[in-house]
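Step one of this worksheet: look at the structure below.
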Amino acid sequence: MQITLDKAKEIIPADEDYRIVSGVIAMLTEDYRDQPSLESIAGRMKRDPIELQKTFTRWAGLSPKAFLQAVTLDHAKRLLRDENLPLLETTLELGLSSPGRLHDLFVTHEAMSPGEWKANGRGLDIRYGFVASPFGKALLMVTDRGLCGLAFADPGEEEEALRDMTGRWPEAIFHADEAAVAPYAGRIFDEARWRAEEPLRVVLIGTDFQIRVWEQLLEIPLGRLCTYSDIATNIGMPKASRAVGAAVGRNPVSFVVPCHRAIGKSGALTGYHWGLTRKRAMLGWEAAKG
DNA sequence: ATGGGACTCTCGA
DNA sequence: TCGAGAGTCCCAT
């Protein structure tokens with residue numbers, strides 16, 4: 001009966017769907033020794049198993065089982081080992097605005113000058129709004145130069161996410177403004193609308209070191225992974241993997257700057273600022289597209 | 001100065 | 001295999 005509604009849902013699942021999906025991912029992976037069956041998960045989530053399976057597959061393009069495989073150690077290790085990472089293909093100009101191709105989303109980015117960074121965002125006018133995304137509720141922040149922030153929040157944690165983000169540029173002026181954010185919201189998570197002719201403008205606000213790290217992240221194509229130490233090597237500081245980890249963790253533009261594609265050398269996912277389950281969700285979702 | 005990681009290695013069990 | 005502990009480096013305050 002509501003075929004059109006269902007179809008719309010395929011493109012961007014509602015928050016409710018992500019809640020279900022993330023619940024499944026969490027249960028599937030929390031104790032991988034005895035991976036709970038679909039039936040038992042469905043039982044715990046009080047859903048019909050068939051329906052659950054369908055929702056999940058529609059969302060990720062992968063069955064729960066295939067999804068889990070895509071996020072395991074072995075898979076990650078294979079991706080790391082295979083083909084030399086193309087990360088070295090471009091030498092990045094340090095410092096200010098370097099536009100470029102980059103990333104399947106076709107991002108053009110510019111970096112804030114050190115002066116602007118030191119001002120803690122003073123003089124910056126930032127508009128923000130929450131939107132539904134395939135990975136739960138997303139908080140978008142934009143300046144007139146482009147997208148500067150993208151965060152995620154579980155239900156009830158919107159305030160916390162907002163504090164987290166506004167705290168990064170304490171001197172900036174923030175306005176709630178759904179309309180300003182709307183043009184970005186739709187196409188970020190919809191790969192059908194990723195096109196080179198219409199690149200997504202991103203502005204990176206951070207220290208020089210952080211910007212170098214984030215630019216490296218932008219070089220990781222969809223479906224590929226990269227280790228923290230690879231990034232350290234690529235920016236010419238091979239021993240700074242730990243500092244790289246810290247910088248990756250401070251990435252203000254989650255997902256668009258694909259910090260979820262950075263993992264430990266062992267193939268373990270290590271951490272994610274917005275929750276490991278969300279990192280798994282992104283990697284599994286991308287595994288189906290890559 | 002100092003503290004503290006979204007790291008990595010090395011061992012022991 | 002797995003996990004704890006220590007080493008290390010560089011950012012942030």
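What you see is a predicted model; the values in this text were computed from it and never measured. Excluded from the calculations below are hydrogen atoms, water molecules and symmetry mates; all remaining heavy atoms, backbone and side chain alike, are included. Convention: sequence-line order gives letters A, B, ...; per-chain numbering from 1.
Computed from coordinates, the A:D208 CG to C:dC10 C1' distance equals 13 Å when rounded to whole Å. In this entry the distance linking CZ of A:R212 with C1' of C:dC10 reads 11 Å, nearest Å.
The side chain of A:T207 lies closest to C:dA12 when the candidates are C:dA12, C:dG7, C:dC10.
A:K137 has no carboxylate O lying under 4.0 Å from a charged side-chain N of A:E160, or vice versa, which leaves the two without a salt bridge. Ionic pairing of A:R212 and A:D208 is present here: one or more N-O contacts between side-chain nitrogen and carboxylate oxygen are shorter than 4.0 angstrom. Electrostatic pairing of A:D125 and A:R127 counts as a salt bridge here, judged by a charged N lying under 4.0 Å from a carboxylate O. The pair A:R201-A:E110 counts as a salt bridge, with a side-chain nitrogen and a carboxylate oxygen less than 4.0 angstrom apart. A salt bridge links A:R278 with A:D154: the distance from a Lys NZ or Arg NE/NH1/NH2 to an Asp or Glu carboxylate oxygen falls below 4.0 Å.
Base pairing in DNA chain B yields stems of at least 3 consecutive Watson-Crick or G-U pairs, both distances under 3.5 Å, namely B:1-5 with C:9-13, B:7-13 with C:1-7.
Residues A:T233 and A:D230 bring no donor and acceptor atom of their side chains to less than 3.5 Å of each other.
A:S266 comes within contact range of no nucleotide atom at all, as no heavy-atom separation falls under 4.0 Å. Here A:Y228 lies in heavy-atom contact (under 4.0 Å) with a base.
Nucleotides of DNA chain C nearest to A:K239 and A:L73 differ in position, and the one nearer the 5' end is that of A:L73. Checking A:M237 against A:R242, the closest nucleotide of DNA chain C that is more toward the 5' end is the one next to A:R242. The residue among A:L269 and A:K265 whose nearest nucleotide of DNA chain B lies closer to the 5′ end is A:L269.
Ring geometry, A:F135 versus A:W59: the interplanar angle exceeds 60°, so the pair is classed perpendicular (tilted spans 30 to 60°).
Smallest separation of non-hydrogen atoms from A:W274 and A:A151: CZ2-CB, 3.4 Å.
Protein chain A touches strand DNA chain B; the 5'-most and 3'-most nucleotides with an atom under 4.0 angstrom of its non-hydrogen atoms are B:dG5 to B:dC9.
For C:dA12, one of the phosphate oxygens OP1 or OP2 lies less than 4.0 angstrom from a side-chain nitrogen or oxygen of A:Q210.
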Checklist entry - Taking it one step at a time, do A:R261 and A:E286 satisfy side-chain contact (heavy atoms from CB on, under 4.5 Å)? => result CA-CA 10 Å; A:R261 296 179 198 152; A:E286 292 189 342; 2.8 Å; yes
